[in-house]
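What follows is a set of notes on a single structure, which appears directly below.
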Number of protein chains: 2
Amino acid sequence: MRVLIVFAHPEPQSLSAALCQVAVRELEAQGHEVRVSDLYAMKWKSNIDRDDFPSLSSESPLRVASASKTAFTSHALTEDVREEQEKLLWADTVILQFPLWWFTMPAILKGWVDRVFSCGFAYGVGEHNDKRWGDRYGEGVLAGKRAMLIVTVGGWPEHYSSRGINGPIEDLLFPIQHGILFYPGLAVLPPFVVYKANHTSSSIFESTAEQLRERMRSIQATEPIPYRRQNYGDYLVPSMVLRDDIDTGATGFAVHQSTAK
Amino acid sequence: MRVLIVFAHPEPQSLSAALCQVAVRELEAQGHEVRVSDLYAMKWKSNIDRDDFPSLSSESPLRVASASKTAFTSHALTEDVREEQEKLLWADTVILQFPLWWFTMPAILKGWVDRVFSCGFAYGVGEHNDKRWGDRYGEGVLAGKRAMLIVTVGGWPEHYSSRGINGPIEDLLFPIQHGILFYPGLAVLPPFVVYKANHTSSSIFESTAEQLRERMRSIQATEPIPYRRQNYGDYLVPSMVLRDDIDTGATGFAVHQSTAK
């Protein structure tokens with residue numbers, strides 16, 4: 001495999017950084033190629049702005065989607081963004097690793113998504129007609145590749161359970177797993193989540209590390225989350241609403257996973 | 001009222017910026033004081049890192065929560081962060097306005113949350129014992145104040161409906177409304193969401209602006225979303241799981257709203 005790990009934690013001496021190294025070493029021990037985008041070490045620019053589009057005329061208002069599409073199509077994106085897009089195209093497996101801050105990814109990783117997932121690359125791809133609504137949600141430039149999250153969380157697993165006060169972890173991660181990763185075509189494996197991350201003894205670390213190694217060894221054999229592909233009949237076009245006869249009456253994020261065996 | 005609007009869009013000639021001005025003018029016309037944190041204009045620093053904690057020894061690893069608590073307690077946060085915290089304490093109403101990018105807020109606004117919502121200010125407040133689990137989810141430093149989102153969205157309302165492919169808008173906004181705003185005590189009003197934001201004619205703009213003015217006029221009379229307060233008996237401590245006899249069998253984000261009339 002060719003694995004890209006996008007890593008977002010500011011401290012090299014952190015649990016997150018230690019787990020990132022565990023993953024890298026295990027993948028390399030299995031003979032895989034690994035590249036790491038260590039966003040803090042790279043001093044990644046997070047805020048998408050006019051500087052992202054050097055060929056945009058200074059008199060033109062910045063329309064982010066259209067400026068992004070024009071720059072992507074004319075190979076005029078900034079070098080840092082192009083390098084990340086090349087890494088994504090190089091990889092067959094993409095891992096995003098981050099601490100859960102305020103129930104989602106840190107700003108630096110969101111800024112990687114905002115800037116690297118250009119229009120024409122990760123969205124705004126494909127035709128819109130009465131049968132399909134772009135190449136997205138299971139199709140797109142990154143189709144055929146796999147993705148997975150490694151997430152460290154300060155709270156307890158119960159706090160993120162189906163009736164826990166923070167909301168179920170699978171629902172908190174849905175906008176990332178479905179909305180960011182599945183959208184441009186990636187097949188998303190179940191996440192690796194470490195709870196109580198601020199209170200890790202060395203024995204807990206060792207058992208967590210071993211679980212992570214096992215996940216790294218089994219990536220190719222792991223079944224992706226069965227998100228429904230957009231253009232294969234489950235959704236009405238152009239309302240993109242799930243057909244009434246599928247999971248009738250059910251609502252919420254979970255209806256976008258197939259329950260078929 | 002004293003209203004703080006935190007605004008996150010890079011283009012002054014955008015629909016978002018125009019709607020922000022509509023809100024400001026209407027609030028001022030009603031006699032309210034308004035301050036705007038225009039994050040792009042302020043060149044807001046998004047990535048929390050060692051520079052956020054100037055008094056942290058260069059030999060100490062950066063533990064974000066503890067560094068944040070130490071700096072907050074000893075008044076050693078950076079000036080930009082302290083100014084935003086002072087604005088939050090000044091305001092009785094806080095509006096976050098942003099375009100929905102990849103199903104959540106832009107990196108620059110996430111970076112405002114990551115940096116301004118310090119430990120000791122927005123989390124890590126209050127006692128943890130067998131009756132309560134900190135001052136959060138309805139209690140905390142910002143209790144007694146109101147908050148509201150103004151969100152512009154590229155897609156159609158149907159795409160964000162209860163069975164729409166993007167997921168229901170109320171669930172996509174839950175991690176922000178419940179996890180970021182309600183957490184430190186803010187009462188959260190229903191959001192103002194503008195769909196098809198990239199295709200706004202002047203007549204659509206005028207009717208949208210009028211709806212927004214009406215929301216601004218009625219802020220004080222609008223009922224907040226009835227999120228359940230953490231420490232008032234609905235949740236078990238310390239698992240923070242909703243009691244079995246409340247909304248029995250239900251799961252997902254919606255169980256954290258009271259259905260009592």
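Atoms considered below: every heavy atom in the structure, side chains included; atoms not considered: hydrogens, waters and symmetry mates. To find a chain, count down the sequence lines: A is the first, B the second, and so on, and within it residues start at 1.
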Do [X] and [Y] come within less than 4.5 Å of each other through their side chains, counting heavy atoms only?
X        : Y        : value
B/Phe253 : A/Leu172 : yes
A/Ile48  : B/Trp101 : yes
A/Pro175 : B/Thr104 : no
A/Ile165 : B/Arg136 : yes
B/His178 : A/Phe103 : no

Engaged part of [X] at the chain A interface, taking heavy atoms whose separation is under 4.5 Å:
X        : answer
B/Trp133 : side chain
B/Phe117 : both
B/Pro157 : neither
B/Leu236 : neither
B/Trp156 : side chain

(message) Whether the A/Asn166 and B/Tyr183 side chains hold a donor-acceptor pair (N or O, under 3.5 Å, no angle test) is what I'd like checked.
(response) no

(message) Which residue is it: A/Pro168, A/Ser161, A/Ser162? I am looking for the one with a side chain to side chain contact (heavy atoms under 4.5 Å, CB included) to B/Thr251.
(response) A/Ser162

Option that, when pairs with chain B are counted at under 4.5 Å, heavy atom only, ranks first among [options]:
options                               : result
A/Ile180, A/Ile176, A/Asp49, A/Val255 : A/Ile180
A/Asp114, A/Val241, A/Asn47           : A/Asn47
A/Ser14, A/Gly111, A/Gly179           : A/Gly179
A/Gly154, A/Ala254, A/Ser46           : A/Ser46

Ignoring hydrogens and angles, write down the donor-acceptor pairs under 3.5 Å from the side chains of residues 63-72 of chain A, residues two or more places apart or on other chains.
residue, atom, partner, partner atom, Å
A/Arg63, NH1, B/Gln13, O, 2.8
A/Arg63, NH2, B/Gln13, O, 3.2
A/Ser66, OG, A/Arg63, O, 3.4
A/Ser68, OG, A/Cys119, N, 2.8
A/Lys69, NZ, A/Gly124, O, 2.6
A/Thr70, OG1, A/Ser66, O, 2.9

(request) Using the side chain to side chain contact (heavy atoms under 4.5 Å, CB included) rule, take B/Arg50 and A/Glu11 through it: C-alpha gap first, then chi angles, then the decisive distance, then the call. (result) CA-CA 9 Å; B/Arg50 297 189 76 92; A/Glu11 175 52 55; 3.5 Å; yes

(message) Main chain of B/Lys110, side chain of A/Lys110: is a donor-acceptor contact present, judged purely on distance under 3.5 Å?
(response) no

(request) Could you look at A/His256 and say if it's the side chain, the backbone, both or neither that has a heavy atom under 4.5 Å from chain B? (result) side chain

(request) Any chance you could measure A/Met240, atom CE, to B/Tyr160, atom OH, to the nearest 0.5 Å? (result) 12.0 Å

